[in-house]
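To keep things clear, I will list the structure first and then write my remarks on it.
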Amino acid sequence: KAENVSMFGEGWLKRVYEEKPVKDVYTRFPPEPNGYLHIGHCKAIAVNFGFAKHHKGQCYLRYDDTNPEKEEEKYFTSILDIIKWLGFEPWKVTYSSDNFDKLYELAEQLIKKDGAYVCHCSREEVNMQRGGPDNRGKRYACEHRTRPIDESLAEFRAMRDGKYKAGEAYLRMKQSLTDPSEGNPQMWDLPAYRVVEKNHHHRTGDHWKIYPTYDFTHCICDALENITHSMCTVEFRQSRVSYDWLLEQLDMKVPKSEEKGPMQREYGRLSVNGTILSKRRILMLVEGAKVGDRVIPPSVRGWDDPRLYTMVALRRRGIPAKAMLNFVEELGVTDSYTDIETARFESSIRKHLERTVPRQMLVLDPVRVVITDFTPEDNQSITVPYDPKGAIPGERSVTVGSEIFIDRADFREVDDPDYFRLAPNKAVGLYNVPFSIRATSFETDAATGKVTVVKAVKVPSSEKPKAYIQWVDAATGIKVVARQYNSLFKTESPNSLNWKDGSWADDLRPDSEVLFEHAVIEAGLNNLIKENSLNPEGSSDSLVRFQALRTAYFCVDVESTEERIVLNQIVSLREDKGK
Ligand code: ATP
Ligand code: MG
Ligand code: MG
C-alpha cells in the first residue's frame with residue numbers, strides 16, 4: 001500500500017534499515033507492564049511492528065518486567081490486547097525475566113573481566129562521584145571501584161543471597177567515570193543490579209532479591225533475541241553508548257560495527273497537548289486523590305473512559321484502529337520530538353471517519369412534531385444510501401409516520417428573518433422526505449415552559465426549503481443514551497497545571513461529558529448492529545460507528561445492551577474552536 005511506502009520506504013525509517021540492511025529483520029516492542037498503553041505507545045507499536053512487517057521480518061512483544069514493585073497482571077493482558085486490536089501479531093511474546101538466569105551469569109562474567117564492581121556508596125555519594133548535582137564537578141572513583149575482582153564477585157553473590165538491604169549494595173558497571181574527557185553521563189559507572197525490598201516477582205516468585213536495571217537488561221535481551229534494529233525514543237540517545245559498551249564487553253557486539261548484534265536507533269517521542277498521559281496523573285483522575293485535607297473525587301469512570309488518551313480509552317471512544325495507524329503515519333517518523341494538539345488528532349480521525357462510516361439520523365434532545373395533515377399515502381419507507389456521496393456502500397430504509405422527533409435546537413417559538421429552521425409559520429426540509437413541514441402551533445409544559453409538542457403541516461416539495469434537518473420517526477425510532485465529550489480541562493495545557501497541590505482539579509470542565517438520556521435514533525441502527533460483521537475495520541474490532549447527520553460521529557459503546565444502547569461521541573463534525 002502506498003501509505004506504507006511513505007513511512008518505511010523513505011526518511012528516517014528507510015535510513016535505519018539501510019544502516020543495517022539485513023535479510024532477516026527482528027524488532028521488539030518492549031513495554032514495562034506497569035500501566036496502560038497511551039497514544040504515544042501507539043507510535044512505538046506502529047514503528048516496531050510496522051518496520052518488521054514492511055521488511056518481512058518479525059517483531060517480539062517483550063514485557064520489560066524487571067521492576068517487581070510496579071507490575072500487575074491486568075497490564076500484561078491489556079497490552080497484548082491493544083497490539084492485536086491495532087492489527088499486529090507478535091512473533092513471540094517474551095519477558096525480560098525469561099533471561100534472569102542468563103543476565104545474572106553475564107553479570108558475573110562482566111565482574112570477572114573487571115567490567116563491574118560492587119559498590120556500597122549511598123545515592124548522595126554516588127551523585128557526588130558523578131560530578132555533583134549539576135554533573136559539572138570533578139568526577140572521582142570510590143574505594144569500591146578498585147576492589148579485587150574476587151571481592152566484587154563474592155559481594156555480588158552476597159547481594160544475590162540476601163545479605164544486603166535495598167540501597168546497601170549495587171553492582172556498578174566499570175565504565176568511564178574517571179575519564180575526564182567522557183562527557184556522557186550514561187558512561188559514568190551506571191548501576192547494573194540493585195537489591196529490591198518488595199521483591200516478589202509475578203513470574204520468578206521469591207527467587208530473586210536482586211534485579212537488573214534497564215541499562216543492563218535491555219541491550220542484552222535485544223542481543224539474546226537476535227534483534228537487528230532496536231528502535232527506541234530519543235531520551236535514550238545517550239544510552240546508545242552504554243548499550244554498545246556493555247554488548248562489546250560481553251562479546252555480543254563488535255566495536256564501531258553493526259555487523260554483529262543489535263543496532264539501537266532513536267526516533268522522536270510523540271507528545272500530545274491538551275490531555276494528560278502521565279500514569280501518575282491519570283491515576284489521580286481515575287481514582288481521585290487526597291491532597292492535604294482536600295479530597296478530590298474520581299473525574300473519569302476508569303482507564304478506558306473515552307475522555308482519556310490511553311489506548312483502551314481511545315478504542316472505547318470509537319477511534320478505529322486503522323485511523324490510529326493512519327494518524328501515526330501522517331505525522332511521520334523522524335528523530336525529533338513530535339508535539340501535537342488533540343485537535344490535530346481529532347481532525348485526522350474525522351477525515352478517516354468521513355470516508356468510512358455510514359450516516360444515521362440521531363436526535364439528541366427530542367421534541368415531538370405532529371404532522372396534522374399526514375395521510376396513509378404519506379406513510380412510507382424511503383430507501384436512503386448510507387452515504388449520500390456514495391463513498392460507503394449500502395443503503396437503509398427510513399420510515400416516516402405522522403409523528404416525528406426533531407431536535408429542540410431546530411425549533412424556535414419566535415421566528416426571526418435570519419433563522420431558517422422550524423418556527424411558527426416557517427417551513428424546514430426533512431432529510432430524505434419528499435415534503436417539508438411548516439409549524440402551525442406548539443404547546444409548552446406549564447411547569448418548565450419547555451416546548452412539549454409542535455403541530456405542523458406538509459409543504460409541497462415544489463416550495464424549496466432554505467434548510468434541512470434530521471428527524472426520527474416517533475413510531476419506529478429507538479431510544480438511546482448519547483454521551484458527548486469535551487476536553488477534560490479548561491486549559492489547553494493541563495500538564496502545566498499544579499499537580500502537587502490538587503489545584504489541577506479546579507480546572508476540570510464540568511461539561512467534559514454531556515449526557516443525553518432521551519435521545520432517539522432511526523430504527524436502522526439495529527441493522528447496523530446486526531450487519532457489523534461487514535465492518536470494514538475487520539474482525540479485531542466490531543464497534544458500530546456512524547456519522548449522525550448535523551451532530552457528530554458516534555459509536556455504540558461496548559457495554560450497550562439490547563435494552564439500553566449507549567453512544568459515545570468519537571469526534572465532532574467540525575473542529576470546535578470554542579473548545
Ligand atoms: P510512559 O512513562 O509514558 O509510560 P515509558 O517509556 O515508560 O512511557 P514503556 O512501557 O517503557 O513506557 O514504553 C514502551 C515503548 O514505547 C518504549 O520503547 C518507549 O520508548 C515507547 N514509548 C513510550 N512513550 C512513547 C511516546 N510518547 N512516543 C513514542 N514512543 C513511546
Ligand atoms: Mg520505560
Ligand atoms: Mg514506563
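Start at 1 and go down the list; that is how both ligands and their atoms are numbered. Just so you know, residue 1 is the first one in the sequence shown, and it goes up from there.
Within a 6.0 Å radius of CG in D293, no more than 12 heavy atoms belonging to other residues, nucleotides or ligands are found.
By the 3.5 Å distance cut-off applied to N or O atoms, N34 is not counted among the residues near ligand 1. Below 3.5 Å of separation, one finds no N or O of K43 facing any N or O of ligand 1. Geometrically, ligand 1 and G268 share no nitrogen or oxygen pair separated by less than 3.5 Å.
Within the structure, the closest approach of H38 to ligand 1 falls below 4.0 Å when heavy atoms are considered. Distances from ligand 1 to the non-hydrogen atoms of G35 include no value under 4.0 Å.
Counting atoms of ligand 1 from 1 in the listed order, those under 4.0 Å from a heavy atom of K279 are 1 (P), 2 (O), 4 (O). Atoms of ligand 1 found under 4.0 Å from any heavy atom of P31, numbered from 1 in the order shown, are 10 (O), 14 (C). Using a 4.0 Å cut-off to heavy atoms of A44, the atoms of ligand 1 that qualify are 16 (O), 21 (C), 30 (N). Heavy-atom contacts of T233 reach the following atoms of ligand 1: 20 (O), 29 (C), 30 (N), 31 (C) (cutoff under 4.0 Å). Annotation for ligand 1: atoms under 4.0 Å from non-hydrogen atoms of L270 are 26 (C), 27 (N), 28 (N), 29 (C). Atom numbering of ligand 1 starts at 1 in the shown order; those under 4.0 Å from a heavy atom of E32 are 7 (O), 9 (P), 10 (O), 11 (O).
The backbone N or O of L177 lies less than 3.5 Å from a partner atom in the side chain of R139, making a donor-acceptor pair.
Annotation: cation-pi geometry satisfied between R203 and Y95 (NZ/CZ under 6.0 angstrom from ring centroid, within 45° of ring axis).
Residue contacts with ligand 1, taken as heavy atom pairs separated by less than 4.0 Å, do not involve S278 at all.
For D305 and R483, the salt-bridge test fails: no basic side-chain N is under 4.0 Å from an acidic carboxylate O.
By the 30° and 60° cut-offs, the orientation of the rings of Y17 relative to H55 is parallel.
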Review point. Under the side chain to side chain donor-acceptor pair (under 3.5 Å) criterion, do N48 and T27 qualify, and how do the steps go?
Key: CA-CA 6 Å; N48 288 298; T27 59; 4.9 Å; no
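Ring to ring, F100 and H201 are close: their centroids are under 6.0 angstrom apart. In this structure, the ring of F236 has its center no less than 6.0 angstrom from the ring center of Y243.
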